[in-house]
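First comes the structure, then the notes that go with it.
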Amino acid sequence: MTKYNPPALESSWEQVLTAEWQKDYMQSLMSFLENEKSQGKEILPPENLWFNALNSTPLNKVKVVILGQDPYPTPGHAHGLCFSVQPDVKPIPKSLINIYKELESDLGIKKENGNLQGWADQGVLLLNSVLTVESGNANAHQGKGWEQFTDKIISTVNDLDRSIVFVLWGAYAQKKGVVIDESKHLVIRSAHPSPLAAYRGFWDSKPFSRVNGYLKENGLSEIDW
């Protein structure tokens, strides 16, 4: 069996995640992805962006975690940050449109495109549970091992000796976040922003002002959303 080596990760993440590559689940996951590529299937996002969330937001800079599910399956959309798309993508995905509507209602901020790299650069870890997907085939890489890897990321952030804000939109994210120690961290829960669910409690949940209020209380700089 081919042995897969760890990718180049930002140094603070590399220290805590490199050992994961020696585990059977990760070797099996990498083998699966290599096999998919050998069959000519397009994997999204491009391989150099699979770990963009980690490389954009070093562990020692994380202030907020937003959990997503898996990447957009449309070529040119996903770039390794949950809910985010490349700056030139039109129309903006519907869930992100709703996130922006809530942002405008909450803080009066209007966004011009769907790229959230600026959030990641400020310490918002935009983490999908599953980091890859087959082009045109949503959820195709669920249950292949990514969930175990991202559980490790969440538990690593949870174990930090400082307070973090976790934003859990929808049942999937909330289930994945059950390990979070709420005596130490703030957990913001609401319905998912998708058009099918937003009416169940996403609207007027004011996550952005709540995040900033908590950061300010804890002597941290607020996010410029």
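We count residues from 1, following the sequence as given. Everything numeric here is computed off the predicted structure, so don't read it as measured data.
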- prompt: Hey, mind stepping through E34 and M30 against side chain to side chain contact (heavy atoms under 4.5 Å, CB included) and telling me if it holds?
  reply: CA-CA 6 Å; E34 285 296 324; M30 292 297 123; 5.5 Å; no

With a cut-off of 6.0 Å (strictly less than), are more than 12 heavy atoms of other residues, nucleotides or ligands near [atom1] of [X]?
X	atom1	answer
K216	NZ	no
K94	NZ	no
E112	CD	no

To the closest 0.5 Å, what do you measure between [atom1] ([X]) and [atom2] ([Y])?
X	Y	atom1	atom2	answer
I223	K63	CD1	NZ	4.0 Å
L116	D121	CG	CG	11.0 Å
Q27	Q22	CD	CD	6.5 Å
D151	T156	CG	OG1	10.5 Å
E10	N52	CD	CG	12.0 Å
I153	L127	CD1	CG	5.0 Å

Indicate the atoms forming the closest heavy-atom contact of [X] with [Y], along with that distance.
X	Y	value
Y172	G68	CE2-O, 4.4 Å
V62	V157	CG1-CG1, 4.2 Å
P45	A78	CB-O, 3.5 Å
G114	L96	O-CD2, 3.3 Å
W119	D224	CD1-O, 4.4 Å
S135	P75	OG-CG, 3.3 Å

Between the main-chain N or O of [Y] and the side-chain N or O of [X], is there a donor-acceptor pair closer than 3.5 Å?
X	Y	value
T57	A120	yes
S163	K184	yes
N55	L9	no
E182	V187	no
H77	V89	no
N115	Q86	no
Y100	N113	yes
D70	V130	no

By salt bridge (Lys or Arg N to Asp or Glu O under 4.0 Å), which residues pair with [X], not counting sequence neighbours?
X	result
D88	none
D181	none
K111	none

message: Show, in sequence, the C-alpha distance, side-chain angles and deciding distance for R162 and N218, and conclude whether the side chain to side chain contact (heavy atoms under 4.5 Å, CB included) test is met.
response: CA-CA 9 Å; R162 63 180 194 272; N218 284 275; over 6 Å; no

Test of understanding: with side chain to side chain contact (heavy atoms under 4.5 Å, CB included), list the residues that count as partners of [X], not counting sequence neighbours.
X	answer
S194	S95, H192, L196, A197
Q174	L168, R189
S190	W169, F202, S205

Quick one: does [X]'s side chain get under 4.5 Å of [Y]'s, heavy atoms only?
X	Y	value
C82	L67	no
F208	I188	no
S209	L107	yes
Q117	S84	no

Do [X] and [Y] share a hydrophobic cluster, counting only Ile, Leu, Val, Met, Phe, Trp and Tyr and linking them when any side-chain heavy atoms are less than 4.5 Å apart?
X	Y	value
L49	W146	no
V165	W225	yes
Y4	L54	yes
I164	V167	no
L125	V85	no

query: Yes or no on side chain to side chain contact (heavy atoms under 4.5 Å, CB included) for W50 and I43, after CA distance, side-chain angles and deciding distance?
result: CA-CA 10 Å; W50 289 358; I43 295 175; 3.8 Å; yes

task: Report the C-alpha separation of L131 and T150 in whole Å, then their side-chain angles, then the decisive distance to 0.1 Å, and conclude whether the side chain to side chain contact (heavy atoms under 4.5 Å, CB included) test is met.
output: CA-CA 9 Å; L131 301 187; T150 52; 4.1 Å; yes

Side-chain hydrophobic cluster, 4.5 Å single linkage: members besides L44: V133

Who are the ring pair (Phe, Tyr, Trp, His ring centres under 6.0 Å) partners of [X], not counting sequence neighbours?
X	value
H141	F32
W21	F51, F149
Y72	none

query: Going by the salt bridge (Lys or Arg N to Asp or Glu O under 4.0 Å) test, which pairs reach into residues 96-106, not counting sequence neighbours?
result: E104-K110

- prompt: side-chain hydrogen bond (donor to acceptor under 3.5 Å, both in side chains) with K41: which residues, sequence neighbours excluded?
  reply: E36

